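Structure record follows, encoded as structure tokens.
In this text the structure is predicted, and so the values were computed from the model without any measurement. Only this structure's heavy atoms are used, side chains among them; waters, hydrogens and symmetry mates stay out.
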Amino acid sequence: LACGAAFMFYTSRQVEDIRGANGNASGVATLLYLAQRLKEQGIEGSDVWLAATGSHEAWMSGVRRVLKQAKATRQQVYFLNIESVGAGTLSYTVKEGMLVTQSCGKELIKAAEQCAAPLGASPATVRTVPTGAHLPLSAGVKAMSIVGLDEDGVPAYWNRVDDRIMEVDDVNIVQAGRFAEAILRQVAKK
């Protein structure tokens, strides 16, 4: 057991840490952009929560906590996940899931379809990795992800050591923020 632990410690020190510039920071930057836009012009009749959930590798505990809080409100809840948007092709998910795909929230998909063309967003099915929308979808919450996908349909720079700030394009972040805002405003009209 001690030899196994020593080997794991040794091998963990032989690789570089993943920076998370696209995988984590681009989503936070988009949230900040969105917060500024909503501060300038709120969405009448809607209670919008912006949460940087984190803890993806810890059984998505951040998402779990937000879901628990949202369910306690007993109101209509939509979960719009924004991640890995600093690189890749701006996309919105219509289905997600690794073993079994689940359809994303119909209202969110419809809103995204109405707003996608001017912002260059494309529909996608993400089967390669669990996004932050995975748990809400599993819990029956209307959810969808906005994500930047590479040519293989994987979030750009997902779990790669070259996920650095030089790979993030601020234009992508603004586009994702505009897209998220347009979706929220469209859903609120209903």
Side-chain angles (χ1 to χ4, degrees), residues 18-35 37 48-57 60 62-63 66-67 78-139 141-160 162-165 167-184 186-187:
I18 296 169
R19 303 285 194 267
N22 187 56
N24 297 323
S26 68
V28 173
T30 303
L31 272 182
L32 293 172
Y33 173 86
L34 187 55
R37 293 288 301 138
V48 179
W49 297 6
L50 301 178
T53 57
S55 304
H56 194 89
E57 287 79 15
M60 296 186 186
V63 172
V66 170
L67 277 177
Y78 296 95
F79 192 98
L80 184 58
N81 175 53
I82 303 170
E83 66 179 80
S84 299
V85 292
T89 302
L90 182 63
S91 304
Y92 61 95
T93 57
V94 293
K95 290 185 179 182
E96 293 192 31
M98 294 176 72
L99 297 176
V100 176
T101 57
Q102 296 175 308
S103 294
C104 296
K106 291 177 184 170
E107 296 92 338
L108 290 166
I109 293 171
K110 185 176 180 183
E113 289 170 346
Q114 294 170 341
C115 307
L119 296 166
S122 304
T125 298
V126 175
R127 296 188 57 119
T128 53
V129 298
T131 72
H134 180 79
L135 288 178
L137 286 170
S138 297
V141 174
K142 296 170 186 161
M144 182 177 74
S145 292
I146 295 176
V147 62
L149 298 176
D150 67 14
E151 60 278 352
D152 296 322
V154 177
Y157 296 96
W158 179 266
N159 210 23
R160 289 178 26 188
D162 58 344
D163 186 4
R164 296 190 174 109
I165 192 67
E167 308 306 329
V168 174
D169 186 347
D170 58 345
V171 172
N172 289 28
I173 291 170
V174 171
Q175 286 296 91
R178 288 180 179 156
F179 188 42
E181 179 185 4
I183 290 169
L184 293 174
Q186 192 67 36
V187 168

Pairs touching residues 98-119 that satisfy ring pair (Phe, Tyr, Trp, His ring centres under 6.0 Å), sequence neighbours left out: none

Student check: side-chain heavy atoms of D169 and S26 closer than 4.5 Å: no

Pair listing, salt bridge (Lys or Arg N to Asp or Glu O under 4.0 Å) test, anchored in residues 96-115, at least two apart: E107-K142

D170 side, atom CG; Q175 side, atom CD - distance, nearest 0.5 Å: 11.0 Å

Inter- and intrachain pairs under ring pair (Phe, Tyr, Trp, His ring centres under 6.0 Å), touching residues 98-121, at least two apart: none

By side chain to side chain donor-acceptor pair (under 3.5 Å) - contacts of Y78 (at least two apart): Q76

Which residues share a side-chain contact (heavy atoms from CB on, under 4.5 Å) with A143, sequence neighbours left out: F79, A133, P136, L137

For N172, all residues meeting side chain to side chain donor-acceptor pair (under 3.5 Å), sequence neighbours excluded: none

Residues forming a ring-ring contact (aromatic ring centres under 6.0 Å, His included) with Y92, sequence neighbours excluded: F179

R127: side chain to side chain donor-acceptor pair (under 3.5 Å) partners, not counting sequence neighbours: none

Contacts of E167 that satisfy salt bridge (charged side-chain N to carboxylate O under 4.0 Å, His left out) - sequence neighbours left out: none

Contact check, side chains of S145 and V126, non-hydrogen atoms, under 4.5 Å: no

Those residues that, when tested against V174, pass side-chain contact (heavy atoms from CB on, under 4.5 Å) (two or more places apart): Y33, R178

Heavy-atom side-chain proximity of P155 to L149 below 4.5 angstrom: yes

4.5 Å side-chain heavy-atom contact, I146 and I183: yes

Distance in Å, D150 CG paired with T89 OG1, rounded so as to fall on 0.5 Å steps: 8.5 Å

Under the side chain to side chain donor-acceptor pair (under 3.5 Å) test, residues paired with Q186 that sit two or more places apart: Q114

Listed partners of A29 passing side-chain contact (heavy atoms from CB on, under 4.5 Å), at least two apart: I173

